[in-house]
Amino acid sequence: MDFLEIMRQRRSCRSFDPARSVAREDLLKIVEAGRLSPSGCNSQPWKFIVVDSPEAKAKLCDAVVVDGGKTGAPWREQVSAFIILVERTAKVMPMVVEYYKDTQRFAPGDIGAACMNMCHEAYSLGLDTCIIGMNDQRKMEQHFNIPAGCDARLVLAIGYAAPGSAIQTKVRKPLEEVCSFNNWD
């Protein structure tokens, strides 16, 4: 399938089939897509934690709930597997640190690129995904032994869409609204 067609068809799934598990072989292919992603100064500022055991999934479901019971994933218990994308300290060129006074300047974008590559690989394998951006960092550190200073930036939910689940129409701004040539206008 043409890559732009994959981009047009891939949707965020919010209704997963809990009876269907994802093979570890497929999870490793998805992680490989993240590992091969570009990163600023080739720093590769990530660690990917695959969560697929019932015990670990229960901990993850707890960790994506924040103060007062808020969660961006009320459907989380249906999900077959998750991948936590953790931001590590980036090793970048000295001139980058000198200019920006920050080793992590590119890291959030790098994590986002890795996550999207993972989403597209999952889709190419017939799997559905949803990116979860809300989590309790303290719980993530406790449940998954994540070192202090390494932020769990995103969680990727992976599985198969529930039978009969509605496919949401992808709504995007028109190209001419988000693209211009040679200046802002």
Between the side chain of [X] and the main-chain N/O of [Y], is any donor-acceptor distance below 3.5 Å?
X: D151; Y: R153; value: no
X: K139; Y: D62; value: yes
X: S39; Y: Q44; value: yes
X: D52; Y: A81; value: no
X: N135; Y: A152; value: yes
X: S15; Y: A162; value: no
X: R76; Y: A73; value: yes
X: S37; Y: A33; value: yes
X: Q137; Y: C150; value: yes

Value rounded to 0.5 Å, distance of NZ in K29 from CD in E121: 7.0 Å
In Å and rounded to the nearest 0.5 Å, what is the CE to CG distance from M93 to N42? 10.5 Å
Heavy atoms, side chains only, cut-off 4.5 Å: are [X] and [Y] in contact?
X: I84; Y: L60; value: yes
X: V155; Y: M140; value: yes
X: E32; Y: L28; value: no
X: W75; Y: C13; value: no

Decide if atom [atom1] of [X] counts as having more than 12 heavy atoms of other residues, nucleotides or ligands within a radius under 6.0 Å.
X: N145; atom1: CG; answer: no
X: E25; atom1: CD; answer: no
X: D67; atom1: CG; answer: no
X: Q142; atom1: CD; answer: yes

Can you list the steps and then say if T129 with R10 is a side chain to side chain donor-acceptor pair (under 3.5 Å)? CA-CA 9 Å; T129 57; R10 189 235 159 236; 2.9 Å; yes
Taking it one step at a time, do K170 and R8 satisfy side chain to side chain contact (heavy atoms under 4.5 Å, CB included)? CA-CA 8 Å; K170 186 175 266 192; R8 286 184 189 97; 5.8 Å; no
Do any pairs count as a side chain to side chain donor-acceptor pair (under 3.5 Å) and have a residue in residues 103-116, sequence neighbours left out, and if so which ones?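 Residue pairs passing side chain to side chain donor-acceptor pair (under 3.5 Å), neighbours aside: E87-Q104.
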Least distance between heavy atoms, [X] atom then [Y] atom:
X: A90; Y: P45; answer: CB-CB, 3.9 Å
X: F16; Y: G159; answer: CE2-N, 3.6 Å
X: V66; Y: D136; answer: CG1-N, 3.8 Å

If hydrophobic clusters are built by linking Ile, Leu, Val, Met, Phe, Trp and Tyr wherever their side-chain heavy atoms come under 4.5 Å apart, do Y99 and M95 end up in the same one? yes
In sequence, state the C-alpha distance, the side-chain angles, and the governing distance for S180 and D185, and then conclude on side chain to side chain contact (heavy atoms under 4.5 Å, CB included). CA-CA 6 Å; S180 60; D185 297 329; over 6 Å; no
Y123 and R11: CA distance, side-chain angles, deciding distance, side chain to side chain contact (heavy atoms under 4.5 Å, CB included) verdict: CA-CA 9 Å; Y123 187 80; R11 306 283 191 280; over 6 Å; no
Stepwise, does the side chain to side chain contact (heavy atoms under 4.5 Å, CB included) test hold for I49 with F82? CA-CA 8 Å; I49 302 172; F82 300 91; over 6 Å; no
Using the ring pair (Phe, Tyr, Trp, His ring centres under 6.0 Å) criterion, which residues pair with F106? Sequence neighbours excluded. none
The remaining residues in the hydrophobic cluster of I111, counting side-chain heavy-atom contacts under 4.5 Å among Ile, Leu, Val, Met, Phe, Trp and Tyr, are V22, L27, I30, V31, W46, F48, V50, I83, L85, M116, M118, L125, L127, I131, L154, L156, I158, Y160
Any side-chain donor near an acceptor of the partner, R14 and S165, under 3.5 Å: no
